[in-house]
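For reference, the structure is listed below as structure tokens.
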Amino acid sequence: MTTRVSRARQPDPVTQFSVFTENRMGRLHDLIAMLGSHSVHVLGLTVLDTTETAIIRLVVDDPQAARRLLKDNGFAFTACELLVVEIDAATQLPQLMAAFLEAEVNVNYMYCFIPHPQGKSILGVSMEDNEVGEKVLTQHGFRVLRQSDVSR
């Protein structure tokens, strides 16, 4: 009898927070300042706004502290796992998109992270199936990062 072993998704996925707030002057400042005053650093950030509301998506270096701070300060939010991939240069973006197309996974949205360790860019990718996305990226030689890779 042959046993087939498959690689399980590694623990420690990157956590993304989606903070829901009214779209008013200073609200983004309040959020970032509150996190920063507690030594929680924003690593990746994107803002989607409408006339009345905004969704602030962010990745931080200390998700547990951020979760507590968001709750304690009355910010409405959700948390989810985000696929985070490292690329060597912008010239790899076509290869990254080709890998997603090959896997037939839908990319919902994508954004860049602020840090560029060792000169490499980091992209956060929201997709319909992180496991399939991670598998195809790994097969194409991309490095998928964990929370411990992006945290201090």
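Checking side-chain atoms of Asp49 against main-chain N and O of Ala54 turns up no donor-acceptor pair under 3.5 Å. Not a single donor-acceptor pair under 3.5 Å links the side chain of Asp72 to the backbone N or O of Leu69. Put simply, the side chain of Asp12 gets close to the backbone of Ser148: a donor and an acceptor are under 3.5 Å apart.
One finds the CG atom of Leu35 at 10.0 Å from the CG atom of Asp62 (value rounded to the nearest 0.5 Å). Rounded to the nearest 0.5 Å, atoms CZ (Arg68) and NZ (Lys71) are 10.5 Å apart. Here the CG atom belonging to Leu43 is positioned 13.5 Å from the SG atom belonging to Cys112, to the nearest 0.5 angstrom.
When all heavy atoms are compared, the tightest approach of Gln147 to Val60 is NE2-O, 2.9 Å. Heavy-atom minimum distance, Glu102 versus Val136: OE2-CG2, 4.1 Å. Scanning both residues, Ile55 and Ser18, for their nearest heavy atoms gives CG2-CB, 4.1 Å. The two residues Thr15 and Arg67 come nearest to each other via the heavy atoms CG2-NH2, 4.2 Å. The two residues Phe142 and Val85 come nearest to each other via the heavy atoms CB-CG2, 3.7 Å. Taking all atoms of both residues into account, the shortest heavy-atom contact from Pro63 to Phe17 is O-CZ, 3.4 Å.
Using a 4.5 Å cut-off between side-chain heavy atoms of Ile, Leu, Val, Met, Phe, Trp and Tyr, with links allowed through other members, Ile56 and Val42 fall into the same hydrophobic cluster. There is a path of hydrophobic side-chain contacts, each under 4.5 Å, that joins Val40 to Leu28. In the hydrophobic clustering of ILVMFWY residues, with side-chain heavy atoms under 4.5 Å counting as a link, Ile32 and Val47 come out together. Placement of Met110 and Leu83 within a single hydrophobic cluster is found when ILVMFWY residues are connected by side-chain heavy-atom separations under 4.5 Å, directly or transitively. Cluster membership for Leu45 and Phe20, using ILVMFWY side-chain heavy atoms within less than 4.5 angstrom, is not shared.
Annotation: Glu22, atom CD; neighbour count of heavy atoms from other residues, nucleotides and ligands within 6.0 Å is above 12.
Side-chain contact check for Tyr109 versus Leu48: every heavy-atom pair is 4.5 Å or farther apart. Looking only at side-chain heavy atoms (C-beta outward), Lys135 and Gln139 come within less than 4.5 Å of each other. Annotation: side chain of Met34 is in contact with side chain of Leu70 (closest heavy-atom distance under 4.5 Å). Annotation: side chain of Leu58 is in contact with side chain of Leu31 (closest heavy-atom distance under 4.5 Å).
Tyr111 does not carry Arg57 over the face of its six-membered ring by the limits of under 6.0 Å from the centre and within 45° of the normal.
Within the structure, the salt bridge (Lys or Arg N to Asp or Glu O under 4.0 Å) test picks out no pair touching residues 35-48 (sequence neighbours left out).
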Acceptor/donor pairs from residues 86-100 side chains to any protein atom, 3.5 angstrom cut, sequence neighbours excluded:
| from | atom 1 | to | atom 2 | distance (Å) |
| --- | --- | --- | --- | --- |
| Glu86 | OE2 | Arg143 | NH1 | 3.4 |
| Asp88 | OD1 | Lys120 | NZ | 3.3 |
| Gln92 | OE1 | Asp88 | N | 2.6 |

